[in-house]
Amino acid sequence: MKKLEFIYEDGAHKWAVVARDPEKPGHLIDTNEYLVLNGSEALLADPGGMEIFSAVFSAISAEIDPYTIRHLFASHQDPDVISSLALWLDFNPELKCHLSWLWGSFVPHFGGTADTFVAIPDEGATLSLGGLMLEALPAHYLHSSGNFHLYDRKARILFSGDVGAALLPPEESGLYVENFDRHIRHSRDFHRRWMGSNKAKLSWCERVSRLDIDLLCPQHGAIYRGKDVKRFINWFADLDVGSGIRD
C-alpha cells in the first residue's frame, strides 16, 4: 500500500512523497505523488491516476488534513499524472489546477470547469503557497510538448516529472537512489525513448545546473540526493535522446 513519507521539514514548510506501491498490479506504471506544505496550505504535484486516488487520499489523510490541499500541479497531461482530477474535485470543488496553457482544453476532459485551471505560460511562472514562492520551470518536450517542473528554492528541491524517472524492478524499492550506477540502468531506455529533443534536453540541463538542488524528485522511481543530483544531470546531458533512437 502507498504511504506518505516526509522528505523535508523546516517548521511549517514541508515536502512529502506518497511513494511507490509494492502491491501495485503489474499492468500499471508506478508513480510518486509529491505534497508541498506551507503552514495551513498545501499543493499536490502530479496527483496521479484515477485508479490510485483512494490509495493516495488515504495515505495523505493518515498524516495531514486533506483540506489543506488548495492547489494541484500537473507537470503535463498524461493520465498517470492527472486523471484523478475529477475525484479530487469531488472532494473539494474549489481546488485550483496549475498546468501548461497548452493542455487547458485537454485536461478538462478529466474534470473541472474553466475556473479550475490556472494556465502557465511557456516561459514559466511563480506560484504562491501561503507566501512560499514555488517556481514552475519550463521542461518542454521532456517528454511532453507542454511540460513544467516545480522548484522550491528555499527547500532546494526540484520536482522533475518524468525527467529522472526509472522503471525499477520490485527488489529495488528504496525511496532514494543508493547506488547510482546500478540505478541509472533502469533510466536509460526510458529517457532515450520518451525525451523528444536533444536541444530541449540540453536547455533543461543548463537551466537546472545553475540551481541549488539537494533533492531531485521524479514522478517514477527513486529520489536523487546530494552528489547524485549533479551526476544525473551530467548523465542526462550526455545521453542521446529523441526521434530516431532505436538501440
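Numbers here are sequence positions counted from 1.
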I want to check something: taking the side chain as every heavy atom from C-beta on, are [X] and [Y] in contact at a cut-off of under 4.5 Å?
X      : Y      : result
Met133 : Asn38  : no
Tyr151 : Ile213 : yes
His13  : Asp152 : yes
Phe53  : Pro47  : no
Val163 : Val208 : no

Take atom [atom1] of [X] as the centre, draw a 6.0 Å sphere, and report whether it contains more than 12 heavy atoms from other residues, nucleotides or ligands.
X      : atom1 : answer
Tyr67  : OH    : no
Tyr141 : OH    : no
Lys3   : NZ    : no

Return yes if some donor-acceptor pair links the side-chain N/O of Asp10 with the main-chain N/O of Ala155 below 3.5 Å, else return no.
-> no
Just by distance, with hydrogens left out, do Glu178 and His183 show a side-chain donor and acceptor under 3.5 Å apart?
-> no
Asp162 and His220 side chains, donor-acceptor separation under 3.5 Å | yes
Parallel, tilted or perpendicular: ring planes of Trp103 versus Phe106, cut at 30 and 60 degrees | perpendicular
Who else is in Leu202's hydrophobic cluster (ILVMFWY, side-chain heavy atoms under 4.5 Å, direct or via others)?
-> none
Members other than Ile120 in its cluster, when Ile, Leu, Val, Met, Phe, Trp, Tyr link by side-chain heavy atoms under 4.5 Å?
-> Ile7, Tyr8, Trp15, Val17, Tyr34, Val36, Leu43, Phe73, Leu127, Leu129, Leu132, Leu134, Phe148, Leu150, Ile157, Phe159, Leu175, Tyr176, Leu215, Ile223
Residues Lys201 and Asp240 bridged, charged N to O under 4.0 Å = no
